[in-house]
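Heads up: the structure comes next, in structure tokens.
The chain is numbered in sequence order, starting from 1.
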Amino acid sequence: VRFKGFGSFMCTNGTKKPFRIKLNEFTKGQKIGGLGTYNLNNNCGDPSYVRERPYYELGASAGLLTPRHTYAALYINGKYWGLYTLVEVPNSDWLVERLGSAEKGNLYKGDPTGTFEDLGDETLPYRQNYEKKTNESKDDWSDLKELIAIVNRAPLEELPARVEKLLDVDSVLAALAVDAVTVNLDSYRGYGHNYFIYRRVSDGRFQFIPWDGNLSFGGFNFEHDSAGLQALPNDWTA
């Protein structure tokens with residue numbers, strides 16, 4: 001068990017910190033429900049405690065691959081610690097559990113600013129803006145760099161056909177729609193983070209995976225007031 005997060009760790013001065021539980025850290029292969037890693041999210045910035053669940057549920061109803069989640073009453077040494085949201089962590093085990101045994105491709109997380117900006121041909125700038133979550137021992141980022149290069153460099157008339165060979169465009173549009181509907185600005189729309197992108201082995205295309213919806217429904221406002229958030233254009237970006 002360890003603490004997790006940055007903003008969610010720092011947002012409270014109390015003891016209700018977020019935790020990550022890794023069941024197979026010391027006992028190899030130890031899992032529950034096929035998975036070895038879970039998060040206990042402390043619902044930072046969400047006094048209602050209900051934003052994250054409907055965010056994922058809307059994503060799932062839109063056809064997105066989303067982590068399973070539920071509520072958990074946490075006790076530590078017999079003392080009640082608080083109500084948490086228990087969430088699966090996307091990783092190699094999770095991909096196999098949800099997509100099948102052959103799905104052992106590259107999973108990336110946009111963090112801190114994975115905005116799909118063209119950062120050139122060297123790998124280092126991408127390492128600074130994305131996290132590789134699977135196959136970490138293989139220093140090969142060519143698939144992500146290829147996608148970003150096409151998005152930024154392909155002639156406009158060739159862009160749709162070339163992008164669709166590498167990207168599940170429907171998953172991107174669904175993710176953007178869910179973030180727009182829930183006014184989730186702590187996302188790709190905002191700083192370019194809190195999402196995963198996975199390249200499927202089955203067809204070689206990337207798909208978007210939503211993540212960390214505790215500040216959806218206007219919980220992160222980019223200094224907009226309530227009326228401003230309600231009138232925010234769907235194509236707004238930070």
Within 6.0 Å of NZ in K31, more than 12 heavy atoms from elsewhere =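 More than 12 heavy atoms, drawn from other residues, nucleotides or ligands, come within 6.0 Å of this atom.
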
Sequence neighbours left out, what pairs pass side-chain hydrogen bond (donor to acceptor under 3.5 Å, both in side chains) with at least one residue falling in residues 168-180?
-> Y55-D179, D168-R200, D179-N184

Looking at F3 versus F19, is the centre-to-centre ring distance below 6.0 Å?
-> yes

Assess the pair W236 and F222: is the distance between their ring centroids shorter than 6.0 Å?
-> yes

Would you confirm whether K17, through its side chain, and F9, through its main-chain N or O, come within 3.5 Å as a donor-acceptor pair?
-> yes

Within the distance-only criterion (no hydrogens, no angle test), does the side chain of N135 pair as donor or acceptor with the backbone N or O of K104 below 3.5 angstrom?
-> yes

Check the hydrophobic clustering (I, L, V, M, F, W, Y; side-chain heavy atoms under 4.5 Å; chains of links allowed) and say if [X] and [Y] are grouped together.
| X | Y | answer |
| --- | --- | --- |
| L167 | L159 | yes |
| V87 | F196 | yes |
| L176 | V163 | yes |

With T85 as reference, evaluate N39, N41, N42, N43 under the side chain to side chain donor-acceptor pair (under 3.5 Å) test and give the passing residue.
-> N43

N194/D186 under side chain to side chain donor-acceptor pair (under 3.5 Å): CA gap, chis, key distance, verdict = CA-CA 7 Å; N194 284 339; D186 189 31; 3.1 Å; yes

List, by chain and number, the other hydrophobic cluster members for L124, where Ile, Leu, Val, Met, Phe, Trp and Tyr join if side-chain heavy atoms come within less than 4.5 Å, directly or indirectly.
->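 Joined to L124, directly or through intermediates: none.
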
Evaluate the ring planes of Y108 and W141, with Trp represented by its six-membered ring, and classify them as parallel (under 30°), tilted (30 to 60°) or perpendicular (over 60°).
->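 Geometry flag for W141 against Y108: tilted rings.
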
How are the rings of H69 and Y56 set relative to one another: parallel (under 30°), tilted (30 to 60°) or perpendicular (over 60°)?
-> tilted

Side-chain donor-acceptor pair under 3.5 Å between Q230 and S226, yes or no?
->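 Per modelled atom types, Q230 and S226 side chains form a pair under 3.5 Å.
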
Quick note, disulfide bond (SG atoms under 2.5 Å apart) partners involving residues 34-151, not counting sequence neighbours, are C11-C44

